[in-house]
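Letters A, B, ... mirror the listed sequences (proteins, then strands); counts begin at 1.
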Amino acid sequence: MNLPKAYEPDSYEPTIYALWESSGAFKPSGNGEPYSILMPPPNANGNLHVGHSLMAVLEDILVRFYRMKGRDTIYIPGADHAGFETWVVYERELQKTGKSRFDFSREQLYSQVWDFVDQQRGNMELQLRALGASASWDDLVFTLDKRVVDTTYQTFKKLWDEGLIYRGERIVNYCTTHQTSFADIEVEHKNEKGKLYKIAYPTLDKIDEIIVATTRPETMLGDTAVAVHPDDERYKHLIGSHVLLPLTDREIPIIADEYVDRDFGTGAVKITPSHDPNDFEIGKRHQLEEIQVIDFDGRMINVPPQFVGLEASEARKRVLAALKAQELNRGETDIEHAVGHCYKCGSIIQPLVKDQWFIKMQPLAERAIEAIEKDEIRFVPDSKKHDVIRYYKNIRDWNLSRQIAWGIPIPAFQNVNDPDDWIFDDRVDEEHIEINGKTYRREEDTFDTWFSSGQWPFITTGALDGGELAKFYPISVMETGHDILYQWVSRMIMLGLKVTGQVPFKEVYLHGLVLDEHGQKMSKSKGNVVNPMEALAEFGSDALRMGLVSSRSAGQNQAFSTGKVVAGRNFANKLWNIARYIEGKLGENYHMKQPVPNSLADHWVMRELSHAATEVDSLLADYRFAEAAETVYHTIWSSVADWYVEASKQQENPDMLAWVLDTSLRIAHPFAPFVTETIWQTLPWYKQGSMVIASSWPKVPDFDEIAASEFERLQALVSEIRFVVTDLPAGKKYSVGYGADSLVADNADLIRHLARLEKVEATDTPSGLRLAASGREAWLLIDEATLYEHQTNLEVRLAEAKQRLKALRGRLENKSYVEKAPAHLVEASQQELAETEALIQRLENELEVIGN
RNA sequence: GGGCGAUUAGCUCAGCUGGCUAGAGCGCCUCAUUGACGUUGAGGAGGUCAGGGGUUCAACUCCCUUAUCGCCCACCA
């Protein structure tokens, strides 16, 4: 039991984690009301970043706490194939070998990426273990596991059968670098400065012209109309006539459409159905031809020879130059407008027409809004609820198709003889299938990964087929980052309701981003990324946990603070040394008995620890992690270590000491699991196999409230002595004399010890400095000269008290206050007034004595 | 263009539905100490709670407004 002086996390953490895991402590107990948390799956082949650490810590605190509260608890871990992210990395590797995705079949690519991922899998799982995540590892689900694929197909079929899935040519967001389309919310819009170019389109007789305004002149080569507002007097006479599209030999009509804003630009809009979502709609309304002029690789096609093969940006310059040469440019103006970019590579997203699979979102969104408005899901912070509803209200159909191989194939086949004949079939490994003599060719695209992730709660719990974990659905709380509220949380709600008829989780807690020490967003390019595993190695897992959690509130981005991690490490060390002291006192053969509080300090510490336990309970129910951690930190550091352990040195009560340590370990365990368990394993009063992780949350013991308050009076006296003494000449010890004061008399030794005095003794002839502030019949025994020096000290206290008195009087003389404020507040003020008056009286008396 | 959040001690941040002399960690100052802990103990300095207005007996907290910073959403060319 000879514990080293300082707690050394790395010598215990791995053993402790192994102990938990092998004992089955992470598995549901099977007793009590279910409590479940679903881990947002980190990238299977990546490393944990500091955001993941925060995620795991918050979730693990909840899981450990509710486990101790006796709930049947599960923390379901996951691993993400991270479709697009991994694909991008893999394609880069592929490029190095001089090959491209077009050299392989979907199956070949898939298995190559699988191997690539497999090589470096497992890191993040080890890192989650290092953080102490008490996840049920046997229940881990990988996002490409068979059950995920099966359920995803089942859901797709269900939606298809209900007419919510359709395939169609639509304008999609396309990244020409990555050669795949994206959902609307994956596009990163940035406000950019650009130019609005005015271009003249001459009438066929070349007498007149119509001037259009555009930010993307290169797309004019694909124009198939010019639109004006039907009531626009400027252009009314031209409606129905044709103009000659410059740089080409095409004649295009001038059409009227209400969409056109007469006040913007020139009031005439060039219509390019293939490259603009609005134009696409207009094109449909007016049966316009669609001419694709930008290809899927971002180069020009179907254009006059001099432009063919140019990058879109280069084509813009050439088109402008050509127009200028023909004197068709009519000026340009600066404009700020939003431009969509690929969130991964920053390329400009091209709106391109493509055949894709979509889900009709409106019915799903409506159901979700209904559930949220009925408070079937609680959001923390609450404001996110309104954000998500706003998102639902403006939702558009969701493009599910991705042109990457690393994902779940879309289970659909097309009749080779009838392009409109699509059928559902999950034989996705076969390129062709025969049904009723008809040949079908498979869809080559895969699903947007968020489509399968959106089903995570009912997939992982097996809610649909009633597996062992089905009782954990709906999930108790979904904890995740606020940055994926729309991508993930909103989809889980919609799909959960649609497929299971229930909300997928009852509560949502959204944490903010972890910023760097100075509040800047972390990024590789800025070089300010904090590696959580380095911090963990340096300070310990508990320290990192405490540091990440403190001073952090829901939904708020917050800076990482090494100082707080250090504070966490110091806390673990403090706990360690409390244990070292107490265990040393009790000896190895101590057997725990029911503690009987004896001294004032005993009652007081029982009250403090019980308060902390109930406080943490209610704080965690509100997800106030930081305050809960602080409560534990201060209760253990100040109340237990600084006061109780010190007091116990004078007034011994071994059973109380044991209880105090035991209870401290329990309340600290959710926050600092490793050090608490390490200590627990050294407690002589528990049998082999006992673990704090499996212990219960402390119950409130019987203590005497009055005795507890008496201890506070004692503390006030000790504090006053300490305060006065620091002001006195150093290097000598002082003594206190007391008169008829049983509190002081009964605790004389304790006071002497706590205030580091020479003596505390009864005296018939009081002299020296009356300890007036704490109101006891006690005097600090000092000579006249010292006393005189101390006068200013008393004067300062007196001035403070007088100011306070003034404020209190002012409040109580205010009739409205006395009438309208709650009675208990008025009463408290009155009592405080009386106390302040008494204090002033004592201080004045004392000053008078000194004066004489 | 729309929405949201922030502004509190030198730094990083708490402060829930309005009511304790506005708190924490780190930093700073003074002092202490051979036995649980220097990853320590005791004491202390430091804030007109961004500015202005309003509601209220009472505002860091609610409302309006201004300023600054940040984030999210957005197919008006």
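In this structure, the separation between CZ on A:Phe671 and OH on A:Tyr633 is 14.5 Å, given to the nearest 0.5 Å. Residue A:Phe379 holds its CZ atom at 7.5 Å from CG of A:Leu510, rounded to the nearest 0.5 Å. Taking OH of A:Tyr644 as the reference point, atom OG1 of A:Thr635 lies at 15.5 Å (rounded to 0.5 Å). A:Leu665 contributes atom CG, which lies 6.5 Å from atom OG1 of A:Thr676 (distance to the nearest 0.5 angstrom).
Remark on RNA chain B: of its neighbouring residues A:Asp387 and A:Thr726, the 5'-side contact belongs to A:Asp387, judged by nearest-heavy-atom nucleotide.
B:rG25 atom P lies 22 Å from atom CZ of A:Phe625, rounded to whole Å. If you measure from atom CZ of A:Arg552 to atom P of B:rG23, you get 24 Å, rounded to the nearest angstrom. Protein atom NZ of A:Lys733 is 13 Å distant from nucleotide atom C1' of B:rA42, rounded to whole Å. Taking atom CG on A:Asp642 and atom C1' on B:rA36, their separation rounds to 12 Å, with Å as the unit. Distance A:His824 NE2 to B:rG18 C1': 13 Å, rounded to the nearest Å. Atom C1' of nucleotide B:rA36 and atom CD1 of A:Ile636 are separated by 15 Å, given to the nearest angstrom. Atom CG of A:Asn557 and atom P of B:rC69 are 18 Å apart (whole Å). Atom-to-atom, CD of A:Glu819 to C1' of B:rG19 comes out at 17 Å; the value is rounded to the nearest Å.
Nucleic acid contact class of A:Pro822 (heavy atoms, under 4.0 Å, all strands): base. Within 4.0 Å of A:Ala821, counting heavy atoms only, lies at least one base atom of the nucleic acid. Using a 4.0 Å heavy-atom cutoff across all strands shown, A:Lys5 reaches sugar-phosphate atoms only and no base atom. Using a 4.0 Å heavy-atom criterion, one finds that A:Glu800 contacts no nucleic acid atom at all. Heavy atoms of A:Trp643 sit nowhere under 4.0 angstrom from any nucleic acid atom. Among the atoms of the strands shown, none is found under 4.0 Å from any heavy atom of A:His482. Residue contacts shown for A:Arg722 are limited to sugar-phosphate atoms, with no base heavy atom under 4.0 Å away. Here A:Gln556 lies in heavy-atom contact (under 4.0 Å) with sugar-phosphate atoms only. Using a 4.0 Å heavy-atom distance criterion, A:Ser550 is classed as making no nucleic acid contact.
A:Lys195 is linked by a salt bridge (charged side-chain N to carboxylate O under 4.0 Å, His left out) to A:Asp334, counting only residues two or more places apart in sequence or in another chain. Taking the salt bridge (charged side-chain N to carboxylate O under 4.0 Å, His left out) definition, one finds that A:Glu188 meets it with nothing, sequence neighbours left out. Remark: A:Arg316 engages A:Glu218 in a salt bridge (charged side-chain N to carboxylate O under 4.0 Å, His left out) (not counting sequence neighbours).
Spacing of P atoms, B:rA45 relative to B:rU7, comes out at 26 Å, to the nearest Å. The separation of B:rA67 from B:rG15, taken at their C1' atoms, amounts to 24 Å, rounded to a whole angstrom. When the C1' atom is used for both B:rC16 and B:rC62, the distance is 14 Å, rounded to whole Å. As rounded to the nearest Å, B:rA36 and B:rC31 have C1' atoms that lie 22 Å from one another. Here, B:rG25 and B:rU39 have their C1' atoms 14 Å apart, quoted to the whole Å. Rounded to a whole angstrom, the distance from the C1' atom of B:rG47 to that of B:rA24 is 14 Å. Taking atom P in both B:rG52 and B:rU8, one finds a spacing of 15 Å when rounded to whole Å. Nucleotides B:rG10 and B:rC29 place their C1' atoms 13 Å apart, quoted to the nearest Å.
Checked by distance alone, A:Glu646 brings a side-chain donor or acceptor within 3.5 Å of a matching partner on the base of B:rA36. For B:rU12, the base has a donor-acceptor partner in the side chain of A:Lys564 [N/O atoms by modelled type, under 3.5 angstrom]. Within 3.5 Å, a donor on the side chain of A:Lys574 pairs with an acceptor on the base of B:rC37, or the reverse.
Among the duplex regions that RNA chain B forms, those built from at least three successive Watson-Crick or G-U pairs under 3.5 Å are B:1-7 with B:67-73, B:10-13 with B:23-26, B:28-32 with B:40-44, B:50-54 with B:62-66, ordered by first number.
When only modelled atom types and interatomic distance are considered, A:Gln830 and A:Arg811 share no side-chain donor-acceptor pair under 3.5 Å.
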Q.
Protein within reach of the bases, or only the backbone? For nucleotides 72-77 of chain B, mark each nucleotide 5' to 3' as B, S or -, using heavy atoms under 4.0 Å.
A. SSBBBB
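Below 30°, between 30° and 60°, or above 60°: for A:Tyr12 and A:Tyr7 the angle between ring planes is below 30°, a parallel geometry.
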In a table with atom names and distances, give each donor-acceptor pair under 3.5 Å that connects a side chain of residues 386-396 of chain A to protein atoms at least two apart or in another chain.
residue	atom	partner	partner atom	Å
A:Asp387	OD1	A:Arg390	NH2	3.1
A:Tyr392	OH	A:Ser490	O	2.8
A:Asn394	ND2	A:Arg390	O	3.2
A:Arg396	NH2	A:Asp184	OD2	3.1

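Cation-pi check for A:Arg797 over A:Phe723 is met; the charged atom lies under 6.0 angstrom from the ring centroid and within 45 degrees of its normal.
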